[in-house]
Amino acid sequence: TQLLEQSPQFLSIQEGENLTVYCNSSSVFSSLQWYRQEPGEGPVLLVTVVTGGEVKKLKRLTFQFGDARKDSSLHITAAQPGDTGLYLCAPNSGNTPLVFGKGTRLSVIA
Amino acid sequence: GAVVSQHPSRVICKSGTSVKIECRSLDFQATTMFWYRQFPKQSLMLMATSNEGSKATYEQGVEKDKFLINHASLTLSTLTVTSAHPEDSSFYICSARTGGGYGYTFGSGTRLTVV
């Protein structure tokens, strides 16, 4: 099992602030996915990163895959209350079930 | 896009009874589905992998006789929590691979409360 460390575990910020959350491992991943889960719902895929050093943007969210493909970060600019949720990362080989990190629980206060 | 329909969304049952949760893949065939459990304020924990037409593969520590998984068709997998106890109260979520590449789609979850 590939051990994933997500940090911080909890984060509470004011609307308009920027934040970065991290997903780290000692293992090399062929690809990694980020999901957001809102209360009472299933996770929803945000992005898949595949290439070391890759940067992907989704509106105010910027995802980066580390050069060595062992870590990833998610940066949110000007956070909004709608960004509130549990952010999960998971390596994805395409043939095995997703095994998630513990997640970062983000709360954006208006 | 691919949709996984999960029912019921909420269920309350008495201790000792059994509860069945269904997950259906809409507009696509899911040869493999995954079942997760999520306790409050925690992440998703993989319980088992369900393969159409064969026995499910359970993760370490998950009782296969308590959590019965049936994947009898390419569009339906069910999880039955047998002889439920209050400690089984949790949020159960299914997921299916949606074809080649990296696609996984999740159901909307079932909140089980055992009283």
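Residue numbers begin at 1 in each chain, while the letters A, B, ... track the order of the sequences. Just so you know, these numbers come straight off a predicted model, no measurement behind them.
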Item to check | Between P43(A), P39(A), G40(A), the one whose heavy-atom pairs under 4.5 Å with chain B are most numerous | outcome: P43(A)
Next on the checklist: Would I93(B) and Q38(B) count as a side chain to side chain contact (heavy atoms under 4.5 Å, CB included) here? Give the steps.
Outcome noted: CA-CA 8 Å; I93(B) 309 173; Q38(B) 184 178 32; 3.9 Å; yes
Checklist entry - Under 6.0 Å between ring centres, would you say that holds for F100(A) and Y35(A)? => result yes
At a 4.5 Å cut-off on heavy atoms, which part of [X] comes close to chain A: side chain, backbone, both, or neither?
X       : value
Q6(B)   : neither
S108(B) : both
L44(B)  : both

Next on the checklist: Pair F63(A), L46(A) - check side chain to side chain contact (heavy atoms under 4.5 Å, CB included), show working.
Outcome noted: CA-CA 9 Å; F63(A) 303 85; L46(A) 296 175; 3.8 Å; yes
Checklist entry - Considering only heavy atoms from C-beta outward, does the side chain of D83(A) approach that of L106(A) to under 4.5 Å? => result yes
Item to check | Residue K66(B) excluded, over 12 heavy atoms near NZ under 6.0 Å | outcome: yes
Item to check | Contact origin within L86(A) toward chain B - heavy atom pairs under 4.5 Å | outcome: side chain
Checklist entry - Which region of Q37(A), side chain (C-beta onward) or backbone (N, CA, C, O), has a non-hydrogen atom less than 4.5 Å from a non-hydrogen atom of chain B, or is it both or neither? => result side chain
